[in-house]
Amino acid sequence: MSTATAPQGGAAAAAPQPAAIRVYNTLSKTKEPLEPIRPGQIGMYLCGPTVYAESHIGHMVGPVIFDTIKRFLRYSGYQVTWVVNITDVDDKLIAKSRERKIPMGQIAIEMTADYLANLRELGVNQIDHLPRATDHMGEIIEFIRTLIEKGFAYEVDGDVFFEVAKDPDYGQLSNRTLESMLGDGGEAAGKKRASGDFALWKSARPEEPAWASPWGPGRPGWHIECSAMSHAILGETFDIHGGGLDLMFPHHENERAQSGCCHGAPMVKYWMHNGLMRAGEKGKVGGKSDRQAESDDVAGKISRSRGAGGLSQLIRRHTGERIRFFLLRTHYRSTIVYGEEGLEESGAALAAFYRFFERFAEVTGQSFYDLPAPAHRAEGSFDPAGEGVLVEAAGLRDKFLAAMDDDFNTALAISTLFDLLRAANRHLDQQGLGIGADRETPAVRTLYRLAGVLRDLTSVLGLFRQPPPDQPGRQADQGLTDGLMELLISLRKEARAQKDFATGDRIRDRLAELGVLLLDKKEGTFWERKP
RNA sequence: GGCGACGUGGCCAAGUGGCUAAGGCGAUGGAUUGCAAAUCCAUUAUUCGUCGGUUCGAAUCCGACCGUCGCCUCCA
């Protein structure tokens, strides 16, 4: 993850199969066919965080869906360059720095690390560039200078503002008129020509971090870093720009105005906005120790100011995979209502997949997680050769791909995964496949095929990349637990052999209370932790 | 006040003009089991906030109303 220039693809780029991918564009308010500016290549920019505090689950919605989108686009034959910015200069960072009495840069480093660690946990690993605003001061200043030269911006006492009235397209993205935006102009009201004008450069007050510029020491305003960095890495016009719905105005509207005016070309072809997450029940958002604790609202947008956070704890409690799955089960443009039960439910659903993977391993002696995942959708297709369950699987795979083609409908796509799972389990049941089965039979070959389809499709969603962590924090104890379980199971087996079911059941019930489930199968008794 | 989104079974959630309204969680019945768990099978919305309208036909389009939420100030 460098901030170097965009890779240029080269001749080796896979021939894109222009599958009929359609994307909902906020600008046109319709789904449009995805037609990249440069054939076969897609530049994608997602607004990342301002790193002044720990991230919360709401910050993960965009990264998870865009990570999935990138996986799917690559799978569909496109070469994708994905940029996520880190905004590490900002008024909030300055305020935080005063509060904690440590340098702004220190906070930015800490919070960036927190953000990246969370992304990693959720399987977001497709980002190509993570540019930081402070690393791009030169480009930012150059950008502002150009805007002044072209007459779109003006300087007043070391501050530089963008003059909104100069951009005829202003307001198009968020569907607003200039008249409707008459605010009080904020703290710089006296300096602005119009209250809707926004800061490109803010002069530094004493004690504030500052960079040298043609207008004196200062720092960039919010918005400009995204315009400058996306330009530096993706060029004047790029394909997809994403972010939360709350960024549509003013952030994206302003980015669009700056970039469009600076380059005389549209900044972005497709604007994509993900829905926001909402807290379903009061007090369940995280540390509710906050100033808003007295607020009685039952629901509301999750935000840092409401005391959300503790994402790493949430991950520890639920696993990153569960959270990723939870986010992907709702269409990305919908509001996701966050709640403990929703996460639990996702856990229960996921557990069924984990169980199948175990059955698969029992029969084949191979880990599902080691199965190769096709890199391209054409590689994943196969000939069902008239075999019922494979015909069904092939149909479900088509349905999955069609759902993803239609504006990345992960919720619908996931539903086919459950159908596939049921088909695979049914096959296992009907063929009587279990431990010790002959691995050279057609039935096992079919099982491989079915598991292969699941591997293929779930990889596209970034799911099941590795076995689920078995109750984090308990690993060290694993050997002992295994030994004890072996002992208990053999004791119970003896009791049952003597028809002493009372003792057998007592062992099982007691273990259940402790969160351990016993599964009596033909081949013997197995155990697992309650999901 | 301006702009916008949403309201689908007990809960979550797809579908946005026409096959029997996906899927998950849960529940119920059956197969299996000593009994369970897991798995499989079946059942679980004549109905999509309410009332009107357009249409041969609407959950899907239009209008009104009710309700929830978001943006308009910092926010993924």
Side-chain angles (χ1 to χ4, degrees), chain A residues 29 46-50 52-53 55-66 84 90-92 95 115 171 174-177 179-187 196 222 242-251 273-278 280 297-306 308 325-326 329-331 333-337 339 341-342 344-352 355-356 358-359 399 403 406 409-419 421-430 496 499 501-502 504-505 508-509 512 517-522 525-528 530:
Chain A
K29 294 185 170 54
L46 175 72
C47 282
T50 299
Y52 71 95
S55 41
H56 63 252
I57 187 172
H59 290 119
M60 298 292 118
V61 179
V64 167
I65 180 63
F66 276 87
V84 178
D90 167 272
D91 291 357
K92 290 198 165 183
Y115 181 71
S174 56
N175 189 29
R176 281 154 213 259
T177 57
E179 306 79 70
S180 75
M181 291 184 281
L182 298 174
D184 61 8
E187 47 185 55
W222 186 40
L245 217 41
D246 53 346
L247 293 183
M248 195 164 94
F249 185 88
H251 187 56
H273 294 275
N274 60 266
L276 301 177
M277 182 170 275
R278 240 182 56 206
D297 35 348
V298 201
K301 194 177 83 174
I302 292 184
S303 69
R304 287 161 167 165
S305 61
R306 300 190 77 220
F325 183 75
F326 172 70
R329 284 185 84 185
T330 303
H331 185 96
R333 280 188 281 117
S334 301
T335 301
I336 300 176
V337 178
E341 325 91 83
E344 294 289 349
E345 191 193 308
S346 289
L350 239 21
R355 281 188 213 103
F356 169 73
E358 273 167 35
R359 291 182 82 180
K399 196 176 160 195
D406 186 11
N409 191 339
T410 55
L412 183 59
I414 284 174
S415 76
T416 67
L417 258 27
F418 286 101
D419 293 331
L421 176 68
R422 193 178 313 112
N425 271 139
R426 198 196 304 126
H427 180 255
L428 241 16
D429 284 357
Q430 286 175 353
R496 293 171 75 211
K499 302 270 184 224
F501 295 120
D505 289 352
R508 185 178 62 198
D509 294 345
L517 297 180
L518 291 185
L519 289 67
D520 291 330
K521 303 188 184 187
K522 282 195 195 75
T525 300
F526 297 81
W527 65 278
E528 67 176 33
K530 264 185 199 163

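A, B, ... follow the sequence lines: proteins, then strands. Residue 1 opens every chain.
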Between A:Ser334 and A:Leu518, who's closer to the 5' end of RNA chain B by nearest nucleotide?
->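 Of the two residues, A:Ser334 wins.
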Select from A:Lys521 and A:Arg333 the residue whose nearest nucleotide in RNA chain B is closer to the 5' end of that strand.
->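 Comparing both residues, the 5'-ward one is A:Arg333.
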Only pairs with both distances under 3.5 Å count, Watson-Crick or wobble alike; so what is the partner of [N] in this structure?
N	value
B:rU39	B:rA31
B:rA5	B:rU68
B:rC25	B:rG10
B:rU46	none
B:rA58	none

Can you identify which nucleotide, out of [options], has its nearest atom closest to the [X] side chain?
X	options	result
A:Asn274	B:rG15, B:rG34, B:rA76	B:rA76
A:Asp246	B:rA76, B:rG34, B:rA22	B:rA76
A:Glu345	B:rC25, B:rC40, B:rC35	B:rC25
A:Arg426	B:rA13, B:rG4, B:rC41	B:rC41

With distance as the sole criterion, do the side chain of [X] and the base of [N] form a donor-acceptor contact below 3.5 Å?
X	N	value
A:Arg508	B:rC35	yes
A:Arg355	B:rA38	no
A:Arg278	B:rG70	no

Presence of A:Asn425 side-chain N/O under 4.0 Å of B:rC40 phosphate oxygens OP1/OP2 =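 Affirmative; the distance criterion is met.
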Take A:Asp505 and A:Arg508 through the salt bridge (Lys or Arg N to Asp or Glu O under 4.0 Å) test and state the conclusion after the steps.
-> CA-CA 5 Å; A:Asp505 289 352; A:Arg508 185 178 62 198; 3.4 Å; yes
Taking it one step at a time, do A:Met277 and A:Thr330 satisfy side chain to side chain contact (heavy atoms under 4.5 Å, CB included)?
-> CA-CA 11 Å; A:Met277 182 170 275; A:Thr330 303; over 6 Å; no
